[in-house]
Structures are given as structure tokens and as C-alpha cells.
Amino acid sequence: MGESSMGRDSFLQRTLNQLSSKQCLTFSNEETVPVAVLAIQRYLSDLNDVGDSSAYSYDVTVTDGVWKIKCFLHPSLNHLVNTNTLRTGEDVRITRCSFVYNERRLAHGYIRIEEVHCVSGSSALLDGIRDVSQLPILVKDSMERSEVLRSDVPLQLTRKHYLSLWNNDNPEGDLWTSWSPSSDRVLDVSKIDFLCNLETFRKSSLPLLVRVICKSRLHYYGRLEHRIDFPYQAYFEVADHSGTMSLVLWNDLCPQFYQRICVGTVLHLQNYVMKSSYSKRTRPQMDHYRLKYFKSVEICLNVRNPASVITLVSPRSVQPQWGLPQVSYQFVPRSEVETLASNSACDVIGLVMFVGRVERVKSKANTGPERFWTYRWVHVLDETSEHLFILELFSSSQPEIFASISPMSCIVCTQMRVCSVEGSLPYLTSSSETQIFITGHHKGQPYVADPRARTFIQWIKTLKDNTVLEKTAVGGHYCYPHLPRTYNRAKQEAKAPMVSASDLKTELESLSYRERKRLAIQGQITAVRYVKSFSGAQEAAVEQAQQDATQNGLATEGFRSPTTPDSPVQRKRRRLARKSTAPLSSSSDHEGDREQQAAAESHSESGQAPPTGAEQRWESSKWPQQRPDVAEHVSLGRLHQQSMSRRFSLEEKDVQLQWLNLQPGRWTPERSRDAVAEVDCPGYYLLTILGVNRQISVDAAFYPVTSSADPRAVGLLTDPHDNTLLSCLTSGYIYPLGVAADQRASAHPSPGKHSSSPQLARATAPMRYCLPEELMKTATELENTHLVCVLDLCHLGGQEIEMVVSKVYKMADVSDE
């Protein structure tokens, strides 16, 4: 026990003492004090402990401000982690726990948390902590000498390492070596073998001297029944003057070398083994090297049988006479993307304009434990086209870079694959061999000397930061590609399977944190309501606050008494606040917005609430008779703050990145406690969809694209339509798209000023916005109309689930052919 902790009252110490002194090893108390969660660490469960619960176990480190202790989370509570209800940086109250001894190991045991209540909001206990490592570790008497309890390894001793909290692709923990000096020693290269000989003879006792020209992400292949300490593999493509070949790093060597070996690294290899290549793996496209690709065999490096010797050669020691090929790239400008064949590979360099939130999708692999892929959408600008690169970036085992992608940064993505789709512009998706680099990580990379990269850097220097910043955006609901015109293609290509209404409820209940799903249901839209606030809880809180303010005679800004009108200064301040927090999808210069704003301010100045009007709500004539017969109503259709994209801010960069990224597995003092600035709700349509069997109804939000400033408008092919509610539902947008005032200002520069980018200079004339009242008047067209509704689902954490109608199909557009 640390001297600084002696004499200070500690809830954790009292709890551990009670568990140690009682004959019963279980402690239960409803009146507990909160403790803060410092870390949540995941690992593969022991096969004997799985039962019907998750294949993964969790260790949770908590502190009471005096001590910290690592506890095991009972498997019955795993859902709290899976839904991000239990999260780092917040408080919990442990109301039931027990002490568990390891019966197969001396002096090893731990506290098991069996009942816990989560407290939302940042923990006050963490305010005074500047260095988590300085908190003393609480260990039971007689177990002080246990290195395991003080090390960064799982409490379940059958596993030797932790996994990343939200995927299996990222290196996690202190054991992963990120850097060590390369060897400057003089190598004897007089007796080395060449790759062409390995292809022929499949074995050699001579060393290899090769350069790494491609690197894959990590592959975790752990299973419950495996007893492999580090079940990882990573592929590298290596080359010498005779050709290229795959190299595989196995198991224990991955933590030692994966992060140290980079594209461009020169390796001296000894004690390697040649094996036949795995035929089903993906391979990078490297035709531009014009070298022979030996695909029948691969070089295997392992820690034993035999123990491979890997030497990283210092760049200063590399000699030209070795004849090693230089790393080459195939950068493609945006203007040429449409000319590329689908699935062809290319490299991309550009300026980031939009960054989406990190989401997860469940892997469809039917072997091993359940796993998720993490990915995000990014829009990138270059000087060659008015269109943006649309990038789907999956985790590339570069967690620091992946979490730091932000607008206004220069990004390079290698080995991207072209995806051509109907009804949308082509996009690029990352492959297993994609590497990502952003501003701050370009130094020393081989591509810095590439002519295309040099040209782009020269162009980017001509841009003005303020002009670019006005076009940036982050976050919000975003799905790409846009759905095609007919449902049969959507079912095959957009992965929107049709489910029953009851299955939809099951899918919602099974969603994990930030998991994305797209599903379709049949039914009729029986009610539509235009909503101007976010979640139902928020709306209720505002109404209650307004009532309380009225009853107490308060007249504070935001919750003022109806009998106390604002002063002109207050009205001006509120208008400025609305302008600064306007979502990107709204356009303050649209005629409809001006009309609505003027009406609202007029009623505000008179102290009256603006009228809602009957046109803001519509119901089918049969819905009042059908509603009593509905067995269940699923009401999760409200939009949330996380559903809305917003302007990127350099001042709020750190907070916005935290908002976009997944909840971290470890709390650090550097993590900001500030919340991202909220935006005003631009208004959306809450649809009630009655299942085709009329047993279940579902509320879902419809949020049409209304402005070209909306990131969802990128790549959207907008055909004219008549702006009825049904045509907006079937298209996903209001025609024509408007443009925000700041876009038009930059689109028409002052005399003598010229924009360096066609995309930044693109002008769109102001369009008349279709008022909600006008759309609602056309809702009668939905009466008795059989539809297929495609829903985008995403679990936002805790109790928040996003359910958005992305498109509606009329039965004439649905086909099973």
C-alpha cells in the first residue's frame, strides 16, 4: 500500500477488507459510494467459462480517488459494455461483488462485479487525477507479490493479452512494440538467396534481403478452443530485384515486429520457412511494379520451429548495389475515378472535407467468435474535379491515425478499391492492404517524392483556410451508396434484407454500440408528424422546464414566461446563437426558412407560442380504427444530436473528434470533459409505419436532404420530382437542393479574386425551400399505399438508437427478379 494512501478513507479498501474478513466471499450493499471507471479491457473468454454468455470477457479498472483496482465483470453484465452503458470516465455504483480465488494458481484472485448501476456524466472523482499510473494498485493481503495483478494482462490467466475494445484488428496494450532502432551493423550480403529461387526450390538455408512494398492489417484468428498465446498473423509483400512474394508474420512475432515493420523497410531474414500460399486470401494489386509476382509460396516467420531472425536494416545502411526496388505508387486524381474499372486498385491523396463517425458492422465470417469491423466515411478534395473522393475507410491497424482523421488535414490512402454502383457516383473502399497517413505522419514516407504528391502539395498551398473551412463537416447520419431505383437491386447490392416487423424489433434489441444495419419492412405509412426537436426526452424536459419557469415566475433566456417578452438585445442574441448552431442540412437563406423564422420571431416578440397548425400532422383515415388492434408499437424514431452533421471547428477539434470516435477503452487526463456544441433541430418527419399484418407499428424518422451543404448530398444524383411527400420519400431529397449562404458567398468571389478549386468555387443559385406545410398537404397520397421502407439502424450508445428511413419503394418498383 502506498504511503500517500495511508490514513485516507477508501471505499475500495473497505470493500476488499470486508470480502477478506467474512466467511462469505460476497458483499452486497445498496448504499454504496460511486467509483470512477478508468479502463475496460476485453479478451477472449476461457472455453470452460463461456456457457450461454459472450465469447469475450471484460476486466474493469475502477478508482475511488485513493486506490485503483482491476475487477472482473460478471458475464451477465457484458451487455452494459456492448451497448456502451458502462463506459470509461464515468461513475458506477457497485452494489454486489464477490472475491474469486484461482484454484489452479497460488496467490491469485480478484473481485468479480456482479451488480452495478451506471451513473451518466463525467466523473468528478477524476478531476484531480493528472497521472493514472501514479494511483496505487489495491491488492489483497498475501497477494502483493503477484506480478499478474500489477501487469497489463487479463485476470483470467488462460489468456495472455487484451484485444481492442471495439474490434480485433488494432494492436492493444503495452506489449506491442511501436519503435526500436534499426540495425546499423554491417551485413554480409555476399551469400544471400533471391525470391525467384524460393519459387523454384521452396527451401533455402541462405538469408534473404528484401524491401517491404506492401503491408496488411492485423488478422486475429483466436478461438475459444485455442491455447495459442498470441493468435495473430500479418501479411507483407516483399521484393528484391527478381520479383515479389508474400511474407507472413505469425503469432508472438506480431507484437514484437508488426508496428516496427513499415512500407519501405529493408529486412534481413534468417531461419524462415517456405509454405504453400493460402489461396483464399486477398492480395494487393502491384502490376505497376512490373516485377514477377511469385504467388505459389510464401515466407513464414515464427518464434519457434525454427526461431526466425529478423533484422531491420537502417536506411543509412542500404546500398544501391543491392538492387532492391523502390516503393512505387499509383495515385489517381479524382477526375479519373470514373474511368477506372470496378475493383481496380489505386492510391489517393487529397484534403479531408468531411469525416463521419466511426461505426461498426458485424463480420459475416461463420468461424470463430463474433467480431466487428470498424469503419468511417471520409470525403476528400483534390484540384482536378468538382466532385469529391468518397472513401469508405475500415480500420487498418493504425488506431492513432484512424482516430485522428479530421477535416483540413492532408490524407494519403493506399491500395483503395473502386466500387461502381447504380444511382450514385463511384466510391473507394479500403482493402486489407490499405495504409492511411494524415498530416503529422507524412514525414519519411516513400510517397513524399512522388510527382503526383508534389503537385497536390503545391496546389494546397494556394488555398485559403477560411474558404476551405466553410465547406467542412463532421458526423451525423450517413450511409453510402444511395439506394437504387428498384428494390431488387437494393436487396442484392445495398444489403438491405426484407424482414418482418417482429424481426425488426429483435434486430433493434440485438444491436451493439455503434453497430450499423440496413433493413427493409413492408407496410403502410399511417401517420406523419413534422417534428422540430430531437429526442422525446429532450422535448419533454423542455416542456417541463417551461412549465416550471411559468409557475415560478422565472423569465430566463430559453425558458421564459409567456407573459415576459424578450428585449431586442435578447432577441438579437438568440438569432446569433441560432445562426452559429444551425445544422449543415438547413439553409438560412431559403425562402421557407425566412418565412418560418419571421413567423416564429413575430410570435416570440408578442410572447405567444407559434401555432403548430393542423397541416403539421397527418393521419390515415383508417388509423384511428387500426390503432387499438396493434399489439405493439416500437417508438425509436426520434432523431438525436448524433444524427446531425455540423461544421468542423478548429477550436473544437479535440471535442469533435471524441464525439466522432468510439468510446475509448482507457480514460486519460487529456480527454476533454467538454461536450460537443449542440445544433438546432432543422425539423424532420416522424413516420408511423404499420406492418403488413397490422400487428406491429414502428416510428421512424425521415430526414430528407434539402441542401447541397449536407454531406449526404455528395454523390447523390438528383432527378427532378414534384415535391410531394411520397416523391420525397422515394427519392430521399427535396428538389431542387438549396445552398447555404456561405456557399454562395464563396461561390461568387469578389472582383479580382479567384478560387483555386472548381469544387470550392461551384455556385448554386438560391432555391425556394419546400415548406413542411406544403409537403404535409400532399400526405393524403399515402392513404392505403403498400410500400417497402428501407431503414438505417445505428446504436448510438446507452438507450439511444437511431432509426432513419433512407428510402421508400412503391410496389411498382419492387421486384424479386
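For the single chain, residues carry numbers from 1 onward in sequence order.
- Glu115 CD: more than 12 foreign heavy atoms inside a 6.0 Å radius.
- Side chain to side chain, Ser672 and Gln658 fail the donor-acceptor criterion of an N or O pair below 3.5 Å.
- Classification of the Phe394-Trp373 ring pair by plane angle, with boundaries at 30° and 60°, yields perpendicular.
- In terms of the salt bridge (Lys or Arg N to Asp or Glu O under 4.0 Å) criterion, residue partners of Arg516 (sequence neighbours excluded) are, by chain and number, Glu359, Glu802.
- Between Arg666 and the choices Asp59, Asp152, Asp174, the salt bridge (Lys or Arg N to Asp or Glu O under 4.0 Å) rule is met once, by Asp152.
- Checking Ser123 against Asp91 by side-chain atom types alone, a donor-acceptor pair falls below 3.5 Å.
- Using the six-membered ring where Trp is involved, His219 and Tyr221 have ring planes that are parallel, under 30° apart on the 30 and 60° scheme.
- Applying the salt bridge (Lys or Arg N to Asp or Glu O under 4.0 Å) criterion to Arg130, with sequence neighbours excluded, gives no partner residue.
- Between Cys97 and Thr15, the closest heavy-atom pair is SG-CG2, 3.9 Å.
- For an aromatic pair to be called close, the ring centres must be under 6.0 Å apart, and Tyr58 with Tyr56 fails this.
- Contacts of Tyr258 classified as ring-ring contact (aromatic ring centres under 6.0 Å, His included), with partners at least two apart in sequence or in another chain: none.
- The pair Glu90-Arg671 does not meet the salt-bridge criterion, since no charged nitrogen lies less than 4.0 angstrom from a carboxylate oxygen.
- At a cut-off of 3.5 Å, with distance as the only test, no side-chain donor of Thr158 or Gln156 sits close to an acceptor on the other residue.
- Residues Trp166 and Tyr513 place their aromatic rings such that the two centres sit under 6.0 Å apart.
- Between His108 and Tyr110, the shortest heavy-atom distance links the atoms NE2-CD2, 4.2 Å.
- The aromatic rings of Phe72 and Tyr43 sit tilted relative to each other, their planes meeting at an angle between 30° and 60°.
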